Enquirer: 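Got a structure for you, written out below as structure tokens; questions coming shortly.
In this text the structure is predicted, and so the values were computed from the model without any measurement.
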Amino acid sequence: MRIKKNLVLNAQRVFYHLRSIRMLVFIPLFAFNILIPVLNYASYSNYGISELFELELRKFALILMPFFSVFWVIFVLREYIEGEGNEILLVYGRKIKFKDTFQIMLVSFFNISLIFAVYLLIYPRMLNLYLWIFILCVYFHGIVYLLSFLTSSTTITLMISLLVSFVNYNVVEKRTPFFSYAVVSGFVKGGIFYDLKTVFLPHILLALVLSITGMLINKNKVLSFE
């Protein structure tokens, strides 16, 4: 019963957080369920079922999915860093919002999983990319959580998150595996153990560092008001 009660409470918190951002809640839904499928269909029209089509699927997934997975998080945190009375929210609300925002990111990732269910029917070897996208969503969550409490600015957090996505788009063809997470061709040849060593683990560790730093800054701001 206690587990069920906690699940219900968690679901209610996620629901009310998302309801609080109003029309902005539809932007990631549009990106995942309309924009990405339209881009994929355009690629299919040009290339058919081919390696070039697979390349296009990977490219759009790496550029768009991590950013939109944390879009809700950016604006949910807005009231805790910018809104009137944010000091009261920090002191009397749940002090560390990491659990809530991570759950919100997971809701977005569920939508991503539905897209990948289709991708994997066409290209089963894209399972590595699916795991990689999840790690990148966690990585972006760490970036957003840290920047939100470090800068106390939704605009700066949003712009830097966009910048990370666009920078990776611009250097994707230069094949710089760590500094550019958008390594399109590496997942075809490397295998999961190669990916784990050279790409997955560094970003998992970086995501942990970003998240822990963000929680420490959040905690210190709460203590400063008490």
Enquirer: According to a hydrophobic-cluster definition based on side-chain heavy atoms being under 4.5 Å apart (Ile, Leu, Val, Met, Phe, Trp, Tyr only), do Val8 and Leu18 belong together?
Expert: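 No, because Val8 and Leu18 fall into different hydrophobic clusters, even though each may have its own neighbours under 4.5 Å.
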Enquirer: Taking all heavy atoms of Ala31 and all of Pro37, pick out the closest pair and write down the distance.
Expert: O-CD, 4.3 Å
Enquirer: Calculate, to the nearest 0.5 Å, the distance between atoms CD1 and OG belonging to Ile160 and Ser165 respectively.
Expert: 12.0 Å
Enquirer: Please report the closest heavy-atom contact between Leu127 and Leu120, naming both atoms and the distance.
Expert: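 Looking at all heavy atoms of both residues, the shortest contact is N-CD2, 3.3 Å.
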Enquirer: For a side chain to side chain contact (heavy atoms under 4.5 Å, CB included) check, start with the C-alpha distance between Leu158 and Phe75, then their side-chain angles and the critical distance, and finish with the verdict.
Expert: CA-CA 9 Å; Leu158 182 66; Phe75 288 95; 4.2 Å; yes
Enquirer: CD1/Ile21 to CG/Leu77 distance, rounded to the nearest 0.5 angstrom?
Expert: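 The distance works out to 10.5 Å.
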Enquirer: Assess whether side chain to side chain contact (heavy atoms under 4.5 Å, CB included) is satisfied between Leu35 and Phe60, documenting all intermediate values.
Expert: CA-CA 10 Å; Leu35 177 61; Phe60 290 130; over 6 Å; no
Enquirer: Is there side-chain contact between Phe67 and Leu162, with heavy atoms separated by less than 4.5 Å?
Expert: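 Result yes, sub-4.5 Å side-chain heavy-atom pair found.
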Enquirer: Go through the structure and list residues passing ring pair (Phe, Tyr, Trp, His ring centres under 6.0 Å) with Tyr130, not counting sequence neighbours.
Expert: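 In terms of ring pair (Phe, Tyr, Trp, His ring centres under 6.0 Å), with neighbours along the sequence ignored, Tyr130 is linked to Phe109, Phe116.
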Enquirer: Could you go through the ring pair (Phe, Tyr, Trp, His ring centres under 6.0 Å) check for Tyr123 and Tyr119 one step at a time?
Expert: CA-CA 6 Å; Tyr123 299 109; Tyr119 288 178; 8.6 Å; no
Enquirer: For Arg125 and Arg58, which heavy atoms make the closest approach, and how far apart are they?
Expert: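 Answer, listing the atom of Arg125 first, then Arg58: O-NH2, 4.0 Å.
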Enquirer: Starting at OG of Ser45, measure out to CG of Asn40 and round the result to the nearest 0.5 Å.
Expert: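 Answer for the OG-CG pair, Ser45 versus Asn40, is 10.5 Å.
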Enquirer: To the nearest 0.5 Å, how far apart are CD1 in Ile36 and CD1 in Ile63?
Expert: 10.0 Å
Enquirer: If you measure from CG on Leu201 to CD1 on Ile135, what distance do you get to the nearest 0.5 Å?
Expert: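 Those atoms lie 8.0 Å apart.
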Enquirer: Which residues satisfy the side-chain hydrogen bond (donor to acceptor under 3.5 Å, both in side chains) test with Asn10, sequence neighbours excluded?
Expert: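 Here the qualifying residues are Arg13.
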Enquirer: Are Leu121 and Leu57 grouped together when hydrophobic residues (ILVMFWY) are joined by side-chain heavy atoms under 4.5 angstrom apart?
Expert: no
Enquirer: Quick one: pull up CZ in Phe134 and CE in Met105 and give me the separation to the nearest 0.5 Å.
Expert: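 Those atoms lie 5.5 Å apart.
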Enquirer: Kindly state each residue pair satisfying side chain to side chain donor-acceptor pair (under 3.5 Å) with at least one member in residues 18-35, sequence neighbours excluded.
Expert: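 Output for this query lists Asn33-Asn111.
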Enquirer: What's the shortest heavy-atom distance between Phe140 and Ser161, and which atoms?
Expert: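 Closest heavy-atom pair between Phe140 and Ser161: CE2-O, 3.7 Å.
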Enquirer: With a 4.5 Å cut-off on side-chain heavy-atom distances among I, L, V, M, F, W and Y, is there a chain of contacts connecting Met126 to Leu114?
Expert: no
Enquirer: The test is side chain to side chain contact (heavy atoms under 4.5 Å, CB included); show your working for Tyr80 and Asn218 and say whether it passes.
Expert: CA-CA 10 Å; Tyr80 292 86; Asn218 181 193; over 6 Å; no
Enquirer: Transitively linked via ILVMFWY side-chain contacts under 4.5 Å: Val144 with Val209?
Expert: no
Enquirer: Restricting to non-hydrogen atoms, name the atom on Pro66 and the atom on Ala61 that form the minimum distance, rounded to 0.1 Å.
Expert: CD-O, 3.3 Å
Enquirer: Side-chain heavy atoms nearer than 4.5 Å, only ILVMFWY residues, links allowed to pass through others: does that put Ile34 and Val25 together?
Expert: yes
Enquirer: Who are the ring pair (Phe, Tyr, Trp, His ring centres under 6.0 Å) partners of Phe102, not counting sequence neighbours?
Expert: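 Listed in chain order: Phe98, His141.
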Enquirer: Where is the tightest heavy-atom contact between Ile217 and Phe149, given as atom of each residue plus distance?
Expert: CG2-O, 3.5 Å
Enquirer: Considering residues at least two apart in sequence or located in another chain, which fulfil the ring pair (Phe, Tyr, Trp, His ring centres under 6.0 Å) criterion with Phe68?
Expert: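 Phe68 satisfies ring pair (Phe, Tyr, Trp, His ring centres under 6.0 Å) with no other residue.
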Enquirer: Quick test of your reading: applying ring pair (Phe, Tyr, Trp, His ring centres under 6.0 Å), list the pairs with at least one residue in residues 10-49, sequence neighbours left out, ordered by first then second residue.
Expert: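 As it turns out, the ring pair (Phe, Tyr, Trp, His ring centres under 6.0 Å) pairs with a partner in residues 10-49, which skip direct neighbours, are Tyr44-Phe53.
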Enquirer: Would Leu62 and Leu129 satisfy side chain to side chain contact (heavy atoms under 4.5 Å, CB included), going step by step from the backbone distance to the final call?
Expert: CA-CA 9 Å; Leu62 287 163; Leu129 182 65; 3.9 Å; yes
